[in-house]
Student: 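Below is the structure I would like to discuss, written out as structure tokens.
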Amino acid sequence: MKGYDHRKIEKKWQDKWLREKIYLTDEGDKKPKSFVLDMFPYPSGEGLHVGHVRVYTASDVYSRMKRMRGYRVLHPTGWDAFGLPTENYAIKNKMPPQKVTKENTDTFRRQMKLLGLSYDWEREINTTDPSFYKWTQWIFLQLLKKGLAYESYEPILWCPSCKTGLANEDLDGNECERCGTVVEKRPMRQWVLKITDYADRLIDDLDLLSEWPLAFREAQRNWIGRSEGAVIKFPISNSQFPIEVFTTRPDTLFGATYMVLAPDHNLVSGLKDKITNWNEVEKYVVSAGKKTEIERTAEGKDKTGIELKGIKAINPANKEEVPVFIADYVLKEYGTGAIMAVPAHDERDYEFAKKFNLPIVKVIEPSFTQTTDPGKVVEGLPVEDREAIIAIVKHWSEDKYIALKWKSVAWVTFITGGIEEGQTAEEAAKMEIMEETGYLNPELTDDFGTLHGKFYHVPKKVNRFAHASTLVFKLKNSERKEVSEDESKMHEVIWLNKDELAKFLTPDSHQRALEILNGKEMYAGSGLLINSGQFNGMESPEAKKEITEFIGGQMKTAYKLRDWVFSRQRYWGEPIPVVHCEKDGVVPVPEAELPILLPEVKFYEPTGTGESPLAGIEAWVNTTCPKCGSPAKRETNTMPQWAGSSWYYLRFIDPQNNKTLIDPKKEKDWMPVDVYVGGAEHATRHLIYARFWHKFLKDIDIVSTDEPFTRLESVGLILGEGGIKMSKRLGNVVNPDDIILTYGADTLRLYEMFIGPFSQASVWNMKSIIGPRRFLEKVWRVAEKIGDGELSDETAVLLNQTIKKVGEDIEVFKFNTAISQMMILLSSFESDKIVTKESFESFLKILSLFAPHITEELWEDLGHTSSIHSEPWPKYDESKLAGDTCTIVIQINGKVRGSFVVPVGSDDEAVKKEGLGHESVQKWLGGVDPKKVVYVKGKLVSIVT
RNA sequence: GCCCGGGUGGCGGAACUGGUAUACGCGCACGACUUAAAAUCGUGUCUCGCAAGGGAUGUGGGUUCGAUUCCCACCCCGGGCACCA
């Protein structure tokens, strides 16, 4: 028989599949649908890399299984082809970007076909194709119509190297995500999309995405960064304009001892004539504006700022005058661009106050509720308030402190106790020190105020809310009397240093006491109010509402998410379809005139002036106003690279439609995407933008679902040998073409699926590829053993198990274990004398997902004239998933001491008895009667002595 | 600092709902075939020990007859966010 020649086989079948169009989407609606999508590639000049192969093979394997299981599967691909790399390459090599794109997509398509991927190539799309971007422009017009696209002149992020404005999402730290250049701020006209209008829905609907990795949902939640708080007005003493601040801690309002505005806050210049040190202020504003993000980060937490002399704000809670500062630790874009500073309860304000010698007023006494055992508050039991003390007692000569180790419960605490009628806290504390430790001469050295703790007092069996005055003592000497028997029964006195205290102290309130002891005055948690007039004694959550109401503030939600800066001053993108008319202002291009074609030009270098290269093409720029007919100019900015990818998945459903974006019937039929496969780098960019557009399209009735992607599977990076990133610079990039040539596409596909858990990063290893190749060669050889006869029992069981396991594993993207199971089955085939045709065909069918070419060839050799890829998924026999016998393990005191074999379905008692009678039991027990015998059905007998 | 992952042989990794840790693959060693090599096949391969047996899933504790798996504390690696009031 002929040998396994992958080159011949793979070419033969790829041609045939294309010719016979076996992978076109089944549009019959009798079958259930499955829309399996991978994140379509950006066709770079580098061609496909092994990371692409991993994603595309996974979705291909999944799609193939779904088809075999009777689904009609939509599995398309296309090109996300607008964008800077292509444009830059085009400039460098003096080629039109259109041509570069054509060449790159040709390469990608060729490589994808070499992999034997089962895409429906008749649905291929390209974001740079006018018939596609017509609809990208159309969506923009709808956004404009709804007021969700607007022009802005706010300073934006600008990449001096790419010569274009950027969105927040295009940053990698302080650098341009594309080219690594440090970005600047630059005031210029730009188009912005109001994604913040959708912030709440984008967060709330994350709850619908239970089939997304938690990490993606959390990343988005984080990025959107919602926080609930209040807007509070602080009047300015000699101006009618108040300062508005946003705070999440209105409960600390009485502790606001100064205010801070962002340096670029509008009020700063508005108050110019009142500010007596204007020269200095102006200097600070200018230098803050010049400071790059990188300089600010380098300065870390060293706060800078300057007081606005001549003006004072009035704290609306206590009517006290407080100074007003500007400082660059306050950001203009967040909240209201101004804060009330509460140094006692905010770390940043605390640092600033320390540096500028500002008053620090405590208004919150820390309060803690025990949430873990021992001491978790018992629901339903009343809570007793108790005036108490915490005494921290220092050694007379060493840096050690007394702790009590409780005997009836796993607690380590400082000395605690109640305050009796008529006692001061100090008296109570001294009494407790003497009673609980016997030491006679403590001297009060410090008072940490009151700490509150709600917990279940285990020995006393009550819920307590202890309000403990926390006092620090030092022992004058070691003089000590005997401790009473009752006390020594309750706890043991131990001496601990600060590190040990941090490790062992159980209650949170005592840990807080230790923090103060270590000099950490600032407390940012919640608690009970003090120094807050009529609100004293109230707990933080309640005080937030009450105080906000009291001073007439408004509850408000703030977001970290910014509106999406949507214009780029570059050539290779979708033209924004509006014109500027002197009389009518911004006028949208009528929908009938779409697409606004990107003109072919000689020069498309970025100008760097804030205008795109399109501005230089007069014939294109000059047009007439659709409204009044007078001369007007076209918008010359283009859309960012993320535009097309924000809705492309919809177009696959109806790629040829030239009347509407998508036929509503088809949309309802295929949406949502059932499985979306791609990389984690898109968690906060593409996936937020696409969800935003999708929700907008839902609002204008283009789509019918709230979310576009039901399930998301994230691919792990493939690292170069040695666990380092693959890069051109390091010369460790693996080209799939080379692997396909040497080992074949089937081997490459198997290798990449076998390399490790799909979502986890894996290391490429050239040596290991031989494993999957040997496996396929073995498959080829085993095919020759097909003959008449019976399958061995063992192989028959394995075959059933394999069909079951491979199906289940692929459903949850556990490709590596599916392959290992097929390897085990193949070994069993190999060691048998005879392999039956039927069983081998079942094996070929499941293997065909991973290795479509070799299985198709062997299938044909077995006499079939139709494709193996149109076969249904093999069935397994439930009754043959296990053999006739099972091995029972004997454990004695938790250690494995032997095993024996029993028929499946044996009587429990009989097996137990046989286990107890086993020779190893005799040996290890030595005649002693077992205390306990545990039998786990079909698995083990565990004997305890 | 905060939020997610992850830590198991020489390497990639497996282990169901707590039930024989190290499946499968690579590598390595030895053997068979061969004049020889490659390929292939077979055997072995966590560790200490001659053996009986002991130890080992990042570290330390806990729960359990039994823990890679559950709980607590900590360490290390990767990723995301980061002066967000």
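Everything numeric in this text was worked out from a predicted model, so none of it was measured. Lettering follows sequence order; numbering is per chain, from 1.
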Student: I need the NZ-P distance between A:Lys814 and B:rC16, as an integer number of Å.
Tutor: 7 Å

Student: Is the closest side-chain donor-acceptor distance between A:Thr304 and A:Tyr284 under 3.5 Å?
Tutor: yes

Student: Look for any protein N or O under 3.5 Å of an N or O in nucleotides 37-44 of chain B and output each such pair with its distance, or none.
Tutor:
unit_1: B:rU40; atom_1: OP1; unit_2: A:Arg774; atom_2: NE; d: 3.4
unit_1: B:rU40; atom_1: O3'; unit_2: A:Arg781; atom_2: NH2; d: 3.3
unit_1: B:rC41; atom_1: OP1; unit_2: A:Arg781; atom_2: NH2; d: 3.1

Student: Rounded to whole angstrom units, what separation is found between the CZ atom of A:Phe216 and the P atom of B:rG79?
Tutor: 15 Å

Student: Go through A:Glu515 and A:Arg512 one step at a time and tell me if the salt bridge (charged side-chain N to carboxylate O under 4.0 Å, His left out) criterion holds.
Tutor: CA-CA 5 Å; A:Glu515 271 182 19; A:Arg512 172 61 199 155; 2.7 Å; yes

Student: When you compare B:rG10 with B:rU45, how far apart are their P atoms, in angstrom units rounded to a whole number?
Tutor: 15 Å

Student: Applying the Watson-Crick and G-U wobble criteria at under 3.5 Å, what pairs with B:rU69? Answer none if nothing qualifies.
Tutor: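 Its partner is none (no Watson-Crick or G-U wobble pair with both distances under 3.5 Å).
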
Student: How close do A:Arg54 and A:Leu717 get, counting heavy atoms only, and between which atoms?
Tutor: NH1-O, 3.6 Å

Student: Report each atom pair, protein N/O against N/O of nucleotides 11-13 of chain B, whose distance is under 3.5 angstrom.
Tutor:
unit_1: B:rG12; atom_1: O2'; unit_2: A:Ile755; atom_2: O; d: 2.5

Student: Taking atom C1' in both B:rA82 and B:rG1, what distance in whole Å separates the two?
Tutor: 8 Å

Student: Please name the nucleotide paired to B:rC81 by Watson-Crick or G-U wobble geometry with both distances under 3.5 Å, or report none.
Tutor: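 Its partner is B:rG1.
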
Student: Students often get this wrong, so: under 4.0 angstrom with heavy atoms, is A:Arg773 touching a base, only sugar-phosphate, or nothing?
Tutor: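 No contact at all - A:Arg773 keeps every heavy atom at 4.0 Å or more from the nucleic acid.
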
Student: Between A:Lys185 and A:Glu333, is the closest basic N to carboxylate O distance under 4.0 Å?
Tutor: yes

Student: Using a heavy-atom cut-off of 4.0 Å across all strands, would you classify A:Lys560 as base, sugar-phosphate, or nothing?
Tutor: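 Contact class for A:Lys560: base.
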
Student: For B:rC30, which nucleotide is its Watson-Crick or G-U wobble mate, given both distances must be under 3.5 Å?
Tutor: B:rG42

Student: Atom CG of A:Leu687 and atom P of B:rC4: how far apart are they, to the nearest Å?
Tutor: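 One finds 20 Å between P of B:rC4 and CG of A:Leu687, rounded.
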
Student: Using the C1' atom as the point on both nucleotides, what is the distance between B:rG61 and B:rU47, in whole Å?
Tutor: 25 Å

Student: With sugar-phosphate meaning primed atoms plus P, OP1 and OP2, does A:Ser227 contact a base, only sugar-phosphate, or nothing at under 4.0 Å between heavy atoms?
Tutor: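 Sugar-phosphate contact only.
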
Student: With both distances under 3.5 Å as the test, what is the Watson-Crick or G-U wobble partner of B:rU57?
Tutor: none

Student: For B:rA73 versus B:rA23, give the span between their P atoms, rounded off to a whole number of Å.
Tutor: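 Going atom to atom, P in each nucleotide, I get 34 Å.
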
Student: Please classify the glycosidic conformation of B:rG18 as syn (within 90° of 0) or anti (everything else).
Tutor: anti

Student: Using a cut-off of 4.0 Å on non-hydrogen atoms, how would the nucleic acid contact of A:Lys895 be classed: base, sugar-phosphate, or nothing?
Tutor: sugar-phosphate

Student: What integer distance in Å separates A:Leu750:CG from B:rG25:C1'?
Tutor: 12 Å

Student: For atom C1', what is the distance between B:rC75 and B:rC28, given to the nearest Å?
Tutor: 33 Å

Student: Grab the N/O contacts between the protein and nucleotides 60-65 of chain B below 3.5 Å, and write none if there aren't any.
Tutor:
unit_1: B:rC65; atom_1: OP1; unit_2: A:Lys932; atom_2: NZ; d: 3.1
unit_1: B:rC65; atom_1: O2; unit_2: A:Ser942; atom_2: OG; d: 2.6

Student: Whether A:Lys303 engages the ring of A:Phe352 as a cation-pi pair (distance to the six-membered ring centre under 6.0 angstrom, angle to the ring normal within 45°) should be assessed.
Tutor: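 Negative - A:Lys303 is either too far from the ring of A:Phe352 or too far off its axis.
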
Student: Count the heavy atoms of every other residue, nucleotide or ligand shown that sit under 6.0 Å from NZ of A:Lys355, and state whether that count exceeds 12.
Tutor: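 More than 12 within 6.0 Å, yes.
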
Student: When both hydrogen-bonding distances must be under 3.5 Å and the geometry is Watson-Crick or G-U wobble, what is B:rA15 paired with, if anything?
Tutor: none

Student: If I pick the C1' atom on B:rC72 and the same atom on B:rG80, what distance separates them, to the nearest angstrom?
Tutor: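 About 27 Å, rounded to a whole number of Å.
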
Student: Taking the ring of A:Trp223 and the ring of A:Tyr559, is the distance between their centroids below 6.0 Å?
Tutor: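 A:Tyr559 vs A:Trp223: aromatic centres not under 6.0 Å.
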
Student: Would you please indicate if the ring centroids of A:Phe754 and A:Phe775 are separated by under 6.0 Å?
Tutor: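 Here the rings of A:Phe775 and A:Phe754 have centres that are no less than 6.0 Å from each other.
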
Student: Whole-Å distance between B:rU17 P and A:Lys939 NZ?
Tutor: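 That distance rounds to 11 Å.
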
Student: Counting only heavy atoms from other residues, nucleotides and ligands, does the tally under 6.0 Å from NZ of A:Lys332 exceed 12?
Tutor: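 Buried by this count: over 12 neighbours within 6.0 Å.
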
Student: Pick the C1' atom in B:rC76 and in B:rC24, then give their distance to the nearest Å.
Tutor: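 It comes out at 29 Å once rounded to the nearest Å.
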
Student: How many whole angstroms separate atom CD of A:Glu228 from atom P of B:rA85?
Tutor: 11 Å

Student: Between A:Asp200 and A:Arg226 (salt bridge meaning N to carboxylate O under 4.0 Å), is one present in this structure?
Tutor: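 A:Arg226 and A:Asp200: salt-bridged.
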
Student: Given atom CD of A:Glu169 and atom P of B:rC81, what is their separation to the nearest angstrom?
Tutor: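 Nearest whole value for this atom pair: 11 Å.
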
Student: Only pairs with both distances under 3.5 Å count, Watson-Crick or wobble alike; so what is the partner of B:rG49 in this structure?
Tutor: none

Student: When you look at CD of A:Gln554, are more than 12 heavy atoms from neighbouring residues, nucleotides or ligands closer to it than 6.0 Å?
Tutor: no

Student: A:Ile769 or A:Thr817: which one's nearest nucleotide on RNA chain B is closer to the 5' end?
Tutor: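 Nearest nucleotide further toward 5': that of A:Thr817.
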
Student: Can you tell me the distance, in whole Å, between the CH2 atom of A:Trp764 and the C1' atom of B:rG25?
Tutor: 14 Å

Student: Begin with the C-alpha distance, continue with both residues' side-chain angles, and end with the deciding distance and a verdict on salt bridge (charged side-chain N to carboxylate O under 4.0 Å, His left out) for A:Lys814 and A:Glu808.
Tutor: CA-CA 8 Å; A:Lys814 284 172 71 174; A:Glu808 289 168 354; over 6 Å; no

Student: In Å, rounded to the nearest 0.5 Å, how long is the span from OG of A:Ser828 to CD of A:Glu794?
Tutor: 4.5 Å

Student: Across the strands shown, which category fits A:Lys937 at heavy-atom distances under 4.0 angstrom: base, sugar-phosphate, nothing?
Tutor: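 Nothing, no nucleic acid heavy atom in range.
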
Student: Which residue, A:Phe850, A:Trp764, A:Tyr743, forms the ring pair (Phe, Tyr, Trp, His ring centres under 6.0 Å) with A:Tyr751?
Tutor: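 Going through A:Phe850, A:Trp764, A:Tyr743 one by one, the ring pair (Phe, Tyr, Trp, His ring centres under 6.0 Å) with A:Tyr751 is satisfied by A:Trp764 alone.
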
